[in-house]
Amino acid sequence: MNRNRTQTVAVLGGGPAGSTVATLLAEKGFKVGIFHTGKRPPLIVGESLLPAVIPLLREMGVEEEVKSFSRHKPGATVTLSKDETVTSYFSRAKGKLPDYAYNTPRDKFDETILQRAKKAGCVVFPHTAKVVKLDDERIGLHEETLLKTDGFFENGVDWIIDASGRSRVIARTEMIKTVEGDRKDWALFAHWDKVKIIDEGNIHVDYLERGWNWRIPLQDRVSLGVVINPTHLIAHGTTAEEQYDNYVRSDERLREFTEGGKRITPVVKFNNWQNINERFYGKNWVCIGDAAGFIDPVFSTGLYLSMKSAFRVADVIAAGGEESALASYEQDWKWEVKIWRRVIESWYNGRLFTLYRAGMAQSKNPIGKIIAPHVEMHLSRVFTGDAINGSGYSRGLHSFLTRFFLFGFDPADLTVK
Ligand SMILES: Cc1cc2nc3c(=O)[nH]c(=O)nc-3n(C[C@H](O)[C@H](O)[C@H](O)COP(=O)(O)OP(=O)(O)OC[C@H]3O[C@@H](n4cnc5c(N)ncnc54)[C@H](O)[C@@H]3O)c2cc1C
């Protein structure tokens with residue numbers, strides 16, 4: 001690699017991870033080209049942000065713009081059963097992160113970050129990128145792809161960053177193995193003019209007879225998604241529309257949420273399968289965002305992990321892209337995801353909200369009264385993303401309590417089927 005000339009970077013994909021890394025590298029003096037077709041489904045999934053994203057938006061200088069088209073999100077509300085809902089506000093975490101986040105329409109959100117990348121000097125090529133394997137450690141842009149860049153990379157490509165989301169362009173070319181999650185759910189979602197909301201601005205996540213659903217209030221509409229095993233869906237029709245509409249009609253809770261409302265967009269179907277690359281990098285390439293790994297979205301971790309990986313990789317490449325630095329990026333990411341997966345598992349196996357039930361039962365006795373706010377604060381820190389960089393106490397408390405503090409309540413009642 002010739003370090004006397006400007007280093008060049010090809011970014012595959014102009015989603016949040018790609019546009020973020022491109023912006024940061026361009027501002028550090030790299031010549032950056034982004035491959036971005038702009039062809040996306042009518043709705044893009046991933047509309048609810050975590051407070052941990054806010055500092056990243058501020059650093060990119062886009063928070064005010066994102067705020068202008070998003071809905072303020074103070075917390076989360078979970079429906080356990082007909083008469084049992086739990087509301088949690090980020091402010092109760094009393095941690096280092098902001099006490100709010102946003103629910104955001106992804107087309108506008110992604111466009112804001114892409115425009116930010118252009119402003120930083122990145123050039124966008126409206127083409128699908130193809131790559132070729134050069135040797136065991138290196139990847140190159142396919143000749144066809146290079147031809148479309150009008151000489152932009154005439155002096156070579158120093159780094160290829162895969163931000164192609166779940167298309168995982170490099171992983172597929174390099175035949176990188178992936179670690180898959182246990183569940184094979186599908187997610188179907190659409191926007192509605194009206195859907196019942198209990199706590200203004202909060203994301204609502206609800207247990208269903210089968211699977212679970214989200215209700216995400218946006219500025220002028222509500223996103224309603226169901227996450228469900230496809231074996232339960234096929235009985236409801238063959239097209240995404242049929243399956244979604246019939247499922248919403250057939251489930252008592254969904255019927256109640258949507259009463260008086262109207263679906264105003266097509267239904268979009270995403271598979272919800274989790275996938276983590278065994279390897280994140282080679283000599284001249286690195287994967288970020290969902291192209292590195294995607295975990296179950298129930299706690300809205302996707303954009304946070306994607307943008308965070310973009311920040312980290314921009315720093316690593318700007319510092320010379322040493323192998324050891326790339327290795328610790330991969331190691332840290334996998335460590336963090338292991339923690340999130342433990343928390344996610346406690347949602348699916350029912351232990352997380354069985355702990356809530358157990359806590360409510362104990363909250364009337366004097367000791368329960370004293371420890372309840374403490375537990376609430378630390379669990380809130382887990383869900384804002386605060387606990388990841390903290391001492392580990394909040395994470396440990398979550399693991400300990402969900403294992404040993406259920407006081408005879410049966411988690412099977414809240415297992416996601
Ligand atoms: C059901 C579900 C619900 C979710 N809910 C949330 C949520 O509430 N909150 C949250 O934070 N996250 C959520 N996520 C996760 C979130 O959607 C992703 O983590 C996030 O979009 C990842 O960003 P990214 O930039 O890595 O990839 P993407 O957003 O997928 O962007 C990748 C881009 O690359 C493009 N591309 C692909 N191949 C090529 C190629 N060969 N050449 C050029 N471009 C290419 C794609 O078209 C796309 O534009 C959810 C995911 C699912 C499946």
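Just so it is clear, the structure is predicted and the values come from calculations on it, not from any experiment. These values consider heavy atoms only, across backbone and side chains, with no hydrogens, waters or symmetry-generated copies. Remember, it's 1-based here, ligands and their atoms both numbered in the order they're listed.
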**Prompt:** What about F270: any of its N or O atoms under 3.5 Å from an N or O on ligand 1?
**Reply:** no
**Message:** Quick test of your reading: applying ring pair (Phe, Tyr, Trp, His ring centres under 6.0 Å), list the pairs with at least one residue in residues 87-124, sequence neighbours left out, ordered by first then second residue.
**Reply:** H72-Y100, Y100-Y102
**Fill in**
Nearest heavy atom to atom 32 (C) of ligand 1, choosing from C287, G13, A163, belongs to A163
**Asked** Between E27 and R116, is there a side-chain N and carboxylate O pair less than 4.0 Å apart?
**Response** yes
**Prompt:** With a 4.0 Å heavy-atom cut-off (strictly under), which part of A17 contacts ligand 1: side chain, backbone, both or neither?
**Reply:** both
**Of the listed options A291, S223, S309, G165, closest to atom 27 (O) of ligand 1 (non-hydrogen atoms)** = G165
**Prompt:** Below 3.5 angstrom, do we get any N/O pair linking Y304 and ligand 1?
**Reply:** no
**Message:** Looking only at protein heavy atoms, which one is nearest to atom 52 (C) of ligand 1, and what is the separation?
**Reply:** V45 CG1, 3.5 Å
**Request:** Return a yes/no value for T301: is any of its N or O atoms, backbone included, closer than 3.5 angstrom to an N or O of ligand 1?
**Result:** no
**Message:** Do W335 and Q331 pair up side chain to side chain, a donor and an acceptor below 3.5 Å, judged on atom types alone?
**Reply:** no
**Item:** Polar contact flag for D110 and ligand 1 (N/O pairs, less than 3.5 Å)
**Value:** no
**Fill in**
Short version for F189: what comes under 4.0 Å of ligand 1, heavy atoms counted, is neither
**Request:** Indicate the ring-plane relationship of Y393 and H378, choosing parallel, tilted or perpendicular according to the 30° and 60° boundaries.
**Result:** perpendicular
**Prompt:** Quick one: salt bridge (Lys or Arg N to Asp or Glu O under 4.0 Å) partners of R312, sequence neighbours excluded?
**Reply:** D332
**ligand 1 N/O within reach of P16 N/O, cut-off under 3.5 Å** = yes
**Asked** Could an N or O of ligand 1 be found under 3.5 Å from any N or O of S48, whether backbone or side chain?
**Response** yes
**Asked** Can a salt bridge be assigned to the pair K94 and D99 using a cut-off of 4.0 Å between side-chain N and carboxylate O?
**Response** no
**Prompt:** Is it the case that Y348 and D296 place a side-chain donor and acceptor less than 3.5 Å from each other?
**Reply:** yes
**Request:** Any atoms of ligand 1 less than 4.0 Å from a non-hydrogen atom of R40? List them with their elements.
**Result:** 28 (P), 29 (O), 30 (O), 31 (O), 48 (C), 49 (O)
**Asked** Have E47 and S223 got a donor and an acceptor in their side chains that come within less than 3.5 Å?
**Response** yes
